[in-house]
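Single-structure report; data block below.
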Amino acid sequence: MDLLLGPKELAFRDEVRSFLDQHVTPDMQRAIELTTGFIVEPEVLIAFHRALHRKGWAVPHWPVEHGGTGWTPVERYIFDLECGRAGVPPYNTSGSHFVGPVIIHYGTPEQKAKYLPRIRAGEDFWAQGYSEPGSGSDLASLKTKAISDGDHYVVNGQKIWTSMGHHANRIFALVRTSSEGKRQEGITFVLIDMDTPGITVRPIIGSGGDHEFNEIFFNDARVPKANRLGEENKGWEVAKFLLEFERGGRVLAGQVRAQFTRLVRLVGAHANDDPEIRARLAEIGTDLDAMEMIDVSVLSTRQAGGNPGPISSLLKLRWSQIRQDIVELAMDAIGENALTWVPERPFYETLQLPPEEEELLAATPRYLNSRAFTIMGGTSEIQTNILAKTWLGL
Ligand SMILES: Cc1cc2nc3c(=O)[nH]c(=O)nc-3n(C[C@H](O)[C@H](O)[C@H](O)COP(=O)(O)OP(=O)(O)OC[C@H]3O[C@@H](n4cnc5c(N)ncnc54)[C@H](O)[C@@H]3O)c2cc1C
């Protein structure tokens, strides 16, 4: 990739590297390495996010007037890649990558002033309240009701699969404000404080042993109408705008590269003489190179803060497959050693083993957790449907 970089970009890359050397501590790196779920615990990343904020780099992808860096697409690419190589994912993507850009696009001046600085500074942690039991792919069937009462909505219902909901102090949610006409036309997008009376969070433990998901119950929770994003009954448009950031929001490139680097190490240590494994490794590496190229070209065709459009479905589809290929090959490379998993251990807190052994213990929970990649943010089948409709006109 260095072939593409001129002297200015190389200097920028060195500046990023030196920042990362300074702020990515060994403890933090180890905690991230041993995270087997798909989200790193906020307490692990918050100090780094604050350092980024002090440097003015917390939300590079936002427009400059809201705290973005104004970097060129190549500079943003370099930054993502270097963060990936250093092993650090972004802090609370639901805030900085999902709802942040949507508040910038649809928010009132008051909403922008209230929420954006807190996302930048890492003071708020956001969760996403879209899915409900029975309303995942068919999101428009959602039933959580918001009844108008003066200048408030009274919200009743249930959300499910709410990632990191147990850490969130705010949640953006889709609620039903009308049952008339088309289902999509009765949905409203609201920003809710998690300490609102009437909200209960209940954990769901995933098959990999991680606590990432939750159920969230709303029981007569009063939400000010001032917290509505966009117009009443027009939340579907806001929701779709947000999903394009979720699916194509460039939060993955660096992370997947870091996972691949780990895989190369693992194959080298455990299956270096297996030609089939080596061939699969090369295939994944080639897919990864191709995806990085596509990703950066998508990035260069849009302005900071703009939404990616339907290509986000293609990115989501391929990134999730590549991530699953990586963990599947890791399992095959280490063979029966992958079965030495102790599920009740919260990995990053308790393990004090040599890194090679930790890597083996982490393989199975990583594999199990990765089943979710082709489901979260909309399943692969739904992405394929979107591509068929928008690109092929089917
Ligand atoms: C790791 C993870 C994190 C998540 N985090 C959140 C979160 O923070 N907030 C949130 O709101 N939600 C979250 N979700 C929920 C996620 O958005 C839903 O799981 C997803 O949209 C699928 O919905 P579902 O689980 O109800 O499955 P269903 O919609 O019931 O789908 C079941 C199966 O049927 C297939 N299917 C359904 N409809 C069609 C169709 N029209 N054509 C072809 N096949 C179809 C699906 O592809 C799937 O294979 C998360 C999910 C995961 C796995």
Side-chain angles (χ1 to χ4, degrees), residues 20 23-24 28-29 31-32 35 37-62 66-69 76 79-80 83-84 86-105 107 111-112 114-131 159 161-173 189-195 199 201 203 206 210-214 216 227 229 239 242-255 258 305 348 369 372-373 376-377:
L20 291 169
H23 294 284
V24 180
M28 178 182 153
Q29 220 155 13
I32 294 169
T35 295
F38 75 104
I39 296 181
V40 174
E41 289 288 315
E43 70 196 42
V44 173
L45 295 177
I46 185 64
F48 179 67
H49 180 86
R50 288 193 183 125
L52 284 173
H53 179 55
R54 285 194 298 275
K55 176 90 175 158
W57 288 358
V59 283
H61 53 296
W62 288 10
H66 294 297
T69 50
R76 279 175 60 194
F79 178 75
D80 283 357
C83 287
V88 274
Y91 174 78
N92 189 212
T93 47
S94 289
S96 58
H97 286 69
F98 304 171
V99 81
V102 177
I103 293 173
I104 289 169
H105 190 84
Q111 288 170 334
K112 288 178 191 172
K114 176 174 175 186
Y115 296 114
L116 297 179
R118 297 182 60 85
I119 295 176
R120 277 200 309 267
E123 285 164 10
D124 281 346
F125 195 94
W126 284 85
Q128 177 178 33
Y130 276 22
S131 306
K159 297 292 172 182
W161 313 124
T162 319
S163 303
M164 295 287 127
H166 52 304
H167 291 302
N169 65 328
R170 302 196 198 270
I171 183 168
F172 54 89
F189 193 110
V190 282
L191 310 173
I192 304 179
D193 292 347
M194 288 292 284
D195 61 2
I199 297 182
V201 180
D210 309 287
H211 177 197
E212 294 180 309
F213 301 128
N214 301 274
I216 303 213
N227 290 13
L229 204 57
L242 184 144
L243 279 175
E244 287 181 4
F245 284 100
E246 180 171 356
R247 292 167 180 164
R250 283 200 54 75
V251 292
L252 286 179
Q255 267 175 284
Y348 79 93
N369 192 281
F373 297 154
M376 65 176 149

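Because only heavy atoms are used, hydrogens play no part in the values below, and waters and symmetry mates are left out as well, while side chains stay in.
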Gap between atom CZ of R76 and atom CG of D80 - 0.5 Å precision:
7.5 Å
Where at least one partner belongs to residues 162-172, residue pairs that pass salt bridge (charged side-chain N to carboxylate O under 4.0 Å, His left out), sequence neighbours excluded
D124-R170, R170-D193
To the nearest 0.5 Å, atom NZ of K114 lies from atom CG of N227 at 5.0 Å
N92 side chain to W126 main-chain N or O, any donor-acceptor pair under 3.5 Å?
yes
Can you tell if the side chain of F172 reaches within under 4.5 Å of the side chain of L229, non-hydrogen atoms only?
no
Quick check: do S94 and M164 have side-chain heavy atoms less than 4.5 Å from each other?
no
Heavy-atom closest pair (I192 atom, A173 atom, distance to 0.1 Å) is CD1-CB, 4.1 Å
Mind running side chain to side chain contact (heavy atoms under 4.5 Å, CB included) on Y130 and L242 for me, showing each step along the way?
CA-CA 11 Å; Y130 276 22; L242 184 144; 3.5 Å; yes
For the pair M28 and L45, evaluate side chain to side chain contact (heavy atoms under 4.5 Å, CB included) and give the outcome as yes or no after the intermediate values.
CA-CA 7 Å; M28 178 182 153; L45 295 177; 4.1 Å; yes
Value rounded to 0.5 Å, distance of NE2 in H61 from CD1 in I104
7.5 Å
Side-chain donor-acceptor distances from residues 49-59 under 3.5 Å, at least two apart:
| from | atom 1 | to | atom 2 | distance (Å) |
| --- | --- | --- | --- | --- |
| H49 | NE2 | R120 | O | 2.8 |
| H53 | ND1 | R120 | O | 3.4 |
| K55 | NZ | E15 | OE2 | 3.0 |

Look only at the side chain of H167 and the backbone of A127, and say whether a donor-acceptor pair between them is shorter than 3.5 Å.
no
For the student: nearest non-hydrogen atoms of V40 and P89, plus distance
CG2-CG, 3.6 Å
Please tell me if the side chains of V44 and T35 come closer than 4.5 Å, counting only heavy atoms from C-beta onward.
no
Yes or no on side chain to side chain contact (heavy atoms under 4.5 Å, CB included) for I32 and V24, after CA distance, side-chain angles and deciding distance?
CA-CA 10 Å; I32 294 169; V24 180; 5.7 Å; no
Is there a donor-acceptor pair closer than 3.5 Å between any side-chain N or O of Q128 and the backbone N or O of S163?
no
Test your reading of the model: is there a side-chain donor-acceptor pair from E212 to the backbone of I39, 3.5 Å cut-off?
yes
Locate the shortest heavy-atom distance separating A86 from L20; write the atom from each residue and the value.
CB-CD1, 4.0 Å
For H211 against P203, the heavy-atom pair lying closest together
NE2-CB, 3.3 Å
Starting at CZ of R118, measure out to CZ of F125 and round the result to the nearest 0.5 Å.
14.0 Å
Looking at W62 and S96, would you say the former's side chain and the latter's main chain have a donor-acceptor pair under 3.5 Å?
yes
Do the ring planes of F213 and F38 sit parallel (below 30°), tilted (30 to 60°) or perpendicular (above 60°)?
tilted
Side chains of H23 and V88: closer than 4.5 Å at any heavy-atom pair?
no
Looking at side-chain heavy atoms only, is the closest gap between D195 and N169 below 4.5 Å?
no
Backbone of I103 reached by a side-chain donor or acceptor of K112 within 3.5 Å:
no
Taking every heavy atom of G122 against every heavy atom of I46, the minimum-distance pair comes out as O-CD1, 3.7 Å
Over all heavy atoms of both residues, which pair between P101 and G95 is shortest? Give the atoms and the distance, please.
CD-O, 4.4 Å
Would you check if the side chain of N214 reaches a backbone N or O of T162 as a donor-acceptor pair within less than 3.5 Å?
yes
